[in-house]
4 protein chains.
Amino acid sequence: MQEGRRNQLIDAALSLFAEKGYENATIKDLAEACGVAPGLVYHYFDSKEDLLLAVFEKHGFVAELERVLLPSFDRPASEVLLEVVQGYHDLLVERESFVRMIVREAMTNPELEARWTAMCNTGVQTLARYLTARVAAGELRPHDTEISARMLTHPVVVMRLTGGSGQLSSIVSCLLDGITNRRKTGKD
Amino acid sequence: MQEGRRNQLIDAALSLFAEKGYENATIKDLAEACGVAPGLVYHYFDSKEDLLLAVFEKHGFVAELERVLLPSFDRPASEVLLEVVQGYHDLLVERESFVRMIVREAMTNPELEARWTAMCNTGVQTLARYLTARVAAGELRPHDTEISARMLTHPVVVMRLTGGSGQLSSIVSCLLDGITNRRKTGKD
Amino acid sequence: MQEGRRNQLIDAALSLFAEKGYENATIKDLAEACGVAPGLVYHYFDSKEDLLLAVFEKHGFVAELERVLLPSFDRPASEVLLEVVQGYHDLLVERESFVRMIVREAMTNPELEARWTAMCNTGVQTLARYLTARVAAGELRPHDTEISARMLTHPVVVMRLTGGSGQLSSIVSCLLDGITNRRKTGKD
Amino acid sequence: MQEGRRNQLIDAALSLFAEKGYENATIKDLAEACGVAPGLVYHYFDSKEDLLLAVFEKHGFVAELERVLLPSFDRPASEVLLEVVQGYHDLLVERESFVRMIVREAMTNPELEARWTAMCNTGVQTLARYLTARVAAGELRPHDTEISARMLTHPVVVMRLTGGSGQLSSIVSCLLDGITNRRKTGKD
DNA sequence: GATGAATGAGCCTTCATTCAT
DNA sequence: AATGAATGAAGGCTCATTCAT
């Protein structure tokens, strides 16, 4: 089994699946993209579905996600959160094909739905753990840290997926400081 | 043209598309679900793609979205935001099939991607307009209101789509008050 | 469901399967033989295997076999056996395609093997029952009637299948009278 | 050219062909069964069909058949026929795989049909020659000896192939003595 | 001798779509 | 409006075969 060829097929498959969707991408497409005969694909994978799973094996990034979302507990949120959100954002950009693919296929493929759900929740809980540590440290007030983790990360994904734009630093400052006006004004 | 039959087909199509995905749902599936012959579908729609568009025509909910996300400008955010988030959440629940379908198909169908992007951004901007009004009213501090609108809405969608759970009220309170601890503690 | 078209497909399938063997006969072959598009076959049958079963449903001939092999018990074997063997022979000729097909496929398809085994044994036992009656009637001597039934029928099948030739009447007379020389000769 | 490897391939091919049928057995199956790479098969055989022929070359048993079916002319049939039938039966049991394979493939492969026809007829004629000798010797009455040869052998094959059972000795006694009742009874 | 990656034709099957009734 | 037989273009997959190593 030549790993090189196998990897080439997996990577090309990811591109195709992300671009056209799993069922619209044909084995022939894939073969052409790799400059090989269609039959060869079945030398490396049992089936198209098996290939899809192989794509996940190779391009899944739960580990990276956890690394990015888990700063050391003793660094202050005010300093670290922007790094985290930025890192999360960069990871999504780097893995955009994969993300678009999994978001799509998870909607109808139960196995993939489970994976993508797990990935999302793992990310949230990892970050929440850090935030909880900062609550304990007295930097942050006691609150639902899973929710604040979601408020930091979910807007980033949706923005990537819908072409929306916004400053990541604003996310952090809104969350840290809130949006309520605490200064006295003449109006109210 | 029997409107009833047409509507029946569209609704059944939505269910099917949401459950199995557009490509995996067949015209025969649809016909069976409606108890009619496959050929009949083509009396009401030019093609399968045309049917997909008809589903959007009937089940798109930009209007509802705007209604839910636009409270009257003179009501305070502290009072209104939970209603808004809850209303948004309920709308997503009610339209879950549609949402799952569009999220999926938008990943690969440019026309649908445009619609879903527009829908998301419309929602965000609608809510942002209200928030901006509250900044002007002095209730909220000056900030990037589009971002805060995203922080209110995006976590809700992602939670629905990934089976995550969390209190909606926590979203509102985190955003309004921030998560920074402002009380003096022994530690800091 | 147009029975006519269905029957046409089944009959053509029988010819093809008998001539080329089940796996060498293609759906395209079949469609061409019937002057229709390949896809149409699947309007009438779930799969190629389903079609094979339908061929059995329509062309199996256990009933005819039993009719041919069961004369009335009171007619003497000396009179009736030639009719039986001839009738059996004629039935095989008439159903040659089916027989060749089942003989072939039974070798590897367990379900078909069961059917063909049952068919063969049913035939043997039916004829044996008649012979037993003739033993009881005193016309035939007590003996293993299942074996004599086999000696009457099996040579006929094998001859058909291997292009061998021989007088059917000889089979009957050999069996009835034996081949031992009972006259005195000078030699022995 | 390693004869050992070649023989191993042929024997494994016979098993596979008998079990699954020629078309359903793949070269890969064969290679796996022998623990070698698929390509190696083509060092020993030009093609799959060539391999099939090689199986015949090695496993055909016309010689054995003739040996079994040709007793010395001066031994009496009454003594020898049971040996012959039993020997024929044992040969079929020993070569069951081959028999099942050839029966199957002969139905559709003209070349194999010729071989199997020839084999059957050779057997019949060999035995018939002996029987004719016994007629000349006065032990047996003049009759169609080819038919009696068939009546001795064909039931045995069919029984093997259809899971039927019966005493071989009954075959011999039915044929030698006939089944007609020659004793006086009250009835007749 | 031996490997196994690579080929490519062809198979079964699916499915959007058409159309005569 | 409604049917469902019929089409035909792919699509996933298999497999005998080749060939560079």
Side-chain angles (χ1 to χ4, degrees), chain A residues 1-6 9 22-31 34-51, chain B residues 1-6 22-32 34-51, chain C residues 1-6 9 22-31 34-51, chain D residues 1-2 4-6 22-32 34-52:
Chain A
M1 183 86 80
Q2 281 186 207
E3 277 310 307
R5 183 46 57 85
R6 193 184 143 92
L9 286 166
Y22 174 70
E23 36 285 298
N24 299 318
T26 72
I27 297 293
K28 216 181 153 203
D29 284 344
L30 176 61
C34 294
V36 300
L40 187 60
V41 175
Y42 293 88
H43 198 69
Y44 294 94
F45 307 96
D46 288 342
S47 64
K48 199 184 174 188
E49 172 129 27
D50 185 40
L51 170 61
Chain B
M1 180 88 81
Q2 273 187 217
E3 273 313 303
R5 185 43 57 83
R6 191 184 145 91
Y22 174 72
E23 294 81 11
N24 300 317
T26 71
I27 296 293
K28 215 182 156 201
D29 284 344
L30 176 62
E32 265 164 27
C34 295
V36 301
L40 187 58
V41 176
Y42 290 85
H43 273 274
Y44 293 96
F45 308 97
D46 288 343
S47 67
K48 198 183 175 189
E49 172 125 31
D50 183 40
L51 170 61
Chain C
M1 182 86 81
Q2 280 187 206
E3 276 310 306
R5 184 44 59 84
R6 192 184 145 91
L9 287 167
Y22 173 71
E23 37 283 302
N24 298 317
T26 71
I27 297 293
K28 214 180 155 206
D29 284 345
L30 176 62
C34 294
V36 300
L40 187 59
V41 175
Y42 293 86
H43 197 69
Y44 293 95
F45 308 97
D46 288 342
S47 64
K48 199 184 175 188
E49 171 130 28
D50 185 41
L51 170 60
Chain D
M1 179 88 82
Q2 273 186 219
R5 185 44 57 86
R6 189 184 147 92
Y22 174 72
E23 293 82 10
N24 301 317
T26 70
I27 297 292
K28 215 181 156 200
D29 284 344
L30 177 62
E32 266 164 27
C34 294
V36 300
L40 186 58
V41 176
Y42 290 85
H43 273 275
Y44 293 96
F45 309 97
D46 289 342
S47 66
K48 197 183 177 190
E49 172 126 27
D50 184 40
L51 170 60
L52 180 60

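Letters A, B, ... mirror the listed sequences (proteins, then strands); counts begin at 1. Note that the structure is predicted; figures quoted are calculated from it, not measured. The basis for the numbers below is simple: all heavy atoms, side chains too, and nothing from hydrogens, waters or symmetry mates.
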Does any non-hydrogen side-chain atom of D:Tyr42 lie less than 4.5 Å from one of D:Ile27?
yes

Any side-chain N or O of B:Arg5 below 4.0 angstrom from OP1/OP2 of F:dA1?
no

Kindly express the pairing pattern of DNA chain E in dot-bracket notation, using | wherever a base pairs with another strand and counting only Watson-Crick or G-U pairs under 3.5 Å.
.||||||||||||||||||||

By nearest heavy atom, map D:Ala37 and A:Val41 onto DNA chain E; which one lands nearer the 5' end?
D:Ala37

Given atom CZ of B:Arg6 and atom C1' of F:dA2, what is their separation to the nearest angstrom?
17 Å

To the nearest 0.5 Å, what is the distance between CZ on D:Arg6 and CG on D:Leu40?
12.0 Å

First locate atom OH of C:Tyr44, then atom CG of C:Asp50, and finally report the distance between them rounded to the nearest 0.5 Å.
14.0 Å

Reported CG-to-CG distance for the pair A:Leu30 and A:Leu51, which is rounded to 0.5 angstrom
6.0 Å

C:Phe45 has an atom CZ; how far is it from atom C1' of F:dA6, in whole Å?
15 Å

Roughly how far, to the nearest 0.5 Å, is the NZ atom of D:Lys48 from the OG1 atom of D:Thr26?
7.0 Å

Looking at every strand, decide which applies to C:Tyr44 at a 4.0 Å heavy-atom threshold: base, sugar-phosphate, or nothing.
sugar-phosphate

Those residues that, when tested against D:Ser47, pass side chain to side chain donor-acceptor pair (under 3.5 Å) (two or more places apart):
none

Please list, chain by chain and in numerical order, all residues satisfying side chain to side chain donor-acceptor pair (under 3.5 Å) with C:Arg5, sequence neighbours excluded.
C:Gln8

Please list, chain by chain and in numerical order, all residues satisfying salt bridge (charged side-chain N to carboxylate O under 4.0 Å, His left out) with A:Glu23, sequence neighbours excluded.
A:Arg104, B:Arg104

Protein within reach of the bases, or only the backbone? For nucleotides 14-21 of chain E, mark each nucleotide 5' to 3' as B, S or -, using heavy atoms under 4.0 Å.
BSSBB---

